[in-house]
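Everything on this sheet refers to the single structure shown next.
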Amino acid sequence: MTQFACDMTALTAEQRQRHQELAQALQSSLVGVRESDQGYEFEFPYNPATYMALMEVTPLEHACCPFFAISIVLEQTDRLCWRLTGSDGIKQFIRAEFHQWFLSGPGDGAGRS
């Protein structure tokens with residue numbers, strides 16, 4: 001497995017705090033997690049606030065984890081999909097870094113992969 005390591009110096013203290021706030025808000029609105037060949041897709045209901053949170057968190061996430069390929073997709077089902085993908089071994093890293101997102105169950109806002 002390829003070694004992945006976040007650059008913890010890439011964000012200022014204020015950016016790190018904002019990243020944590022956005023991650024908590026997004027986790028609370030998560031409706032599902034899907035596994036793909038290259039990573040995971042986190043599903044959210046479409047609404048402007050969630051879209052703006054994804055737009056704000058994406059460059060912060062990429063700054064500290066530049067090995068992620070990240071995309072935001074508005075699917076035809078009116079769901080937002082935040083895709084995190086990368087090279088071999090990325091799935092294990094995503095599951096470790098976003099472990100709380102995978103633990104959420106129905107009624108907590110998230111489905112399982």
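All heavy atoms count here, side chains included; hydrogens, waters and symmetry mates do not. These figures come from a predicted structure and were not determined experimentally.
Considering every non-hydrogen atom in both Ala5 and Phe67, the closest pair reads O-CE2, 3.4 Å. Taking each heavy atom of Phe93 and Cys6 in turn, the nearest pair found is CZ-SG, 3.7 Å. Across every non-hydrogen atom of Lys91 and Asp37, the tightest pair is CE-O, 3.3 Å.
Two residues are said to be in side-chain contact when any heavy atoms from C-beta on lie closer than 4.5 Å; Trp82 and Leu26 fail this criterion. Inter-residue side-chain proximity for Ser36 and Thr85 is flagged as met; some heavy-atom pair is nearer than 4.5 Å. Side-chain contact between Leu84 and Phe98 is present, with at least one heavy-atom pair separated by less than 4.5 Å. In this structure, the side chains of Ile72 and Leu80 come closer than 4.5 Å at one or more pairs of heavy atoms. Within the 4.5 Å cutoff, side-chain heavy atoms of Cys64 are placed close to those of Arg16. Considering only heavy atoms from C-beta on, Tyr51 stays 4.5 Å or farther from Pro48 through its side chain. No side-chain heavy atom of Arg79 sits under 4.5 Å from any side-chain heavy atom of Tyr46. A 4.5 Å side-chain heavy-atom check between Ile90 and Gln38 finds every atom pair outside the cut-off.
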Taking it one step at a time, do Arg18 and Glu61 satisfy salt bridge (Lys or Arg N to Asp or Glu O under 4.0 Å)? CA-CA 11 Å; Arg18 183 62 180 151; Glu61 188 66 36; over 6 Å; no
So Glu43 and Val33, side chain to side chain contact (heavy atoms under 4.5 Å, CB included) or not? Walk me through it. CA-CA 6 Å; Glu43 295 180 41; Val33 179; over 6 Å; no
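Distance check: Phe42 CZ to Gln27 CD gives 10.0 Å after rounding to the nearest 0.5 Å. With values rounded to the nearest 0.5 angstrom, Leu74 atom CG is found 6.5 Å from Asp78 atom CG. Between Glu41 atom CD and Ser71 atom OG the span is 7.5 Å, to the nearest 0.5 Å. Separation of atoms CD1 (Ile94) and CH2 (Trp101) is listed at 11.0 Å; rounding is to 0.5 Å.
No side-chain donor-acceptor contact under 3.5 Å links Glu75 to the backbone of Cys81. Between the Gln15 side chain and the Thr12 main chain, a donor and an acceptor come within less than 3.5 Å of each other. Not one N or O on the side chain of Thr58 forms a donor-acceptor pair closer than 3.5 Å with the backbone of Met55.
Glu21 and Gln17 are linked by a side-chain donor-acceptor pair at a separation below 3.5 angstrom, with hydrogens and angles left out of the test.
Salt bridge Arg83/Glu35: absent, no basic N to carboxylate O contact under 4.0 Å.
Proximity of the aromatic rings of Tyr40 and Phe102 is defined here by a centroid distance below 6.0 angstrom, and this criterion is met.
Linking Ile, Leu, Val, Met, Phe, Trp and Tyr residues whenever their side-chain heavy atoms come within less than 4.5 Å leaves Val73 and Leu54 in two separate clusters.
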